[in-house]
Amino acid sequence: MQDSHARVYAAIAAIPRGRVASYGAIAARAGLPGRARLVGRLLGEVPDGMELPWYRVLRSSGQVAFPPGSRGFREQCRRLRAEGVEVRNGRVPLSRFGMDADLDRELWGLPGG
DNA sequence: TCTTTGACTGTCG
DNA sequence: GCGACAGCCAAAG
């Protein structure tokens with residue numbers, strides 16, 4: 001386990017329940033700005049026994065990274081909904097469920113909530 | 001060492 | 001809003 005890997009895992013584990021974050025955001029929080037693809041790669045290497053909220057990680061657009069209909073896709077949607085996250089057509093509104101949604105609303109006065 | 005691949009992202013039409 | 005393109009970089013063969 002490399003340090004960069006551990007930081008990525010920690011960043012993912014830090015996502016609050018009922019919230020989601022993008023691959024890029026995770027990479028940035030792990031001290032690896034611009035390494036979004038590395039995050040996706042690492043998620044594919046997560047040991048089965050390791051508890052990690054991998055399903056809280058989405059694309060920058062809020063879309064689930066898995067192909068619609070695939071097993072991972074359905075599993076991710078299922079787990080997200082179980083936490084109260086709204087998944088519509090394989091997509092989550094980051095304006096409401098994004099990890100920094102509250103902060104963004106304060107700064108920009110965006111509607112939501 | 002080189003090439004291929006990928007759970008990504010921003011830009012453009 | 002969606003598809004096409006280019007940039008990105010680490011792992012695997």
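Since this is a predicted model, take the numbers as computed values, not measurements. Numbers restart at 1 for each chain; the letters A, B, ... are given by sequence-line order, proteins then strands.
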By salt bridge (Lys or Arg N to Asp or Glu O under 4.0 Å), A:R79 pairs with (sequence neighbours left out) A:E75
For A:E51, I'd like to know if atom CD has over 12 heavy atoms of other residues, nucleotides or ligands within 6.0 Å. no
Partner set under side chain to side chain contact (heavy atoms under 4.5 Å, CB included) for A:A65, not counting sequence neighbours: A:Y23, A:R59
Report the C-alpha distance between A:C77 and A:V87 in whole Å, list the side-chain angles of each, state the deciding distance to 0.1 Å, and finish with yes or no for side chain to side chain contact (heavy atoms under 4.5 Å, CB included). CA-CA 6 Å; A:C77 292; A:V87 184; 3.6 Å; yes
Residue pairs passing the salt bridge (charged side-chain N to carboxylate O under 4.0 Å, His left out) test with at least one member in residues 24-40 of chain A, sequence neighbours excluded, are none
Which side chain to side chain donor-acceptor pair (under 3.5 Å) pairs, counting each pair once, include a residue from residues 83-93 of chain A, with sequence neighbours left out? A:Y55-A:E83, A:R56-A:E83, A:E86-A:R96
Kindly determine whether A:V39 and A:L32 satisfy side chain to side chain contact (heavy atoms under 4.5 Å, CB included), including the steps that lead there. CA-CA 9 Å; A:V39 175; A:L32 303 168; over 6 Å; no
Residue list, side chain to side chain contact (heavy atoms under 4.5 Å, CB included) with A:R74, at least two apart or on another chain: none
Can you sort out which residues in residues 23-41 of chain A have a heavy atom within less than 4.0 Å of DNA chain C? Ascending by number, please. A:R35, A:R37, A:L38, A:R41
On a heavy-atom basis, the closest approach of A:S60 and A:S22 is CA-CB, 3.8 Å
With a 4.0 angstrom cut-off to heavy atoms of chain A, pull out the first and last contacting nucleotide of DNA chain C, in 5'-to-3' order. C:dC2 to C:dA11
Closest contact, heavy atoms only, A:V57 versus A:Q76: O-NE2, 3.0 Å
Between A:H5 and A:R91, which has a closest nucleotide on DNA chain C that is more 5'? A:R91
Please give me every residue in residues 54-75 of chain A whose heavy atoms get under 4.0 Å of an atom in DNA chain B, ordered by residue number. A:W54, A:R59, A:S60, A:A65, A:F66
Shortest non-hydrogen contact between A:I26 and A:A21, atoms and distance: CD1-CB, 4.0 Å
Contact boundaries of DNA chain B with chain A (under 4.0 Å, heavy atoms), 5' to 3'? B:dT5 to B:dG10
Quiz: residues 4-18 of chain A side-chain donor-acceptor pairs under 3.5 angstrom, not counting sequence neighbours:
unit_1	atom_1	unit_2	atom_2	d
A:R7	NE	A:A30	O	3.0

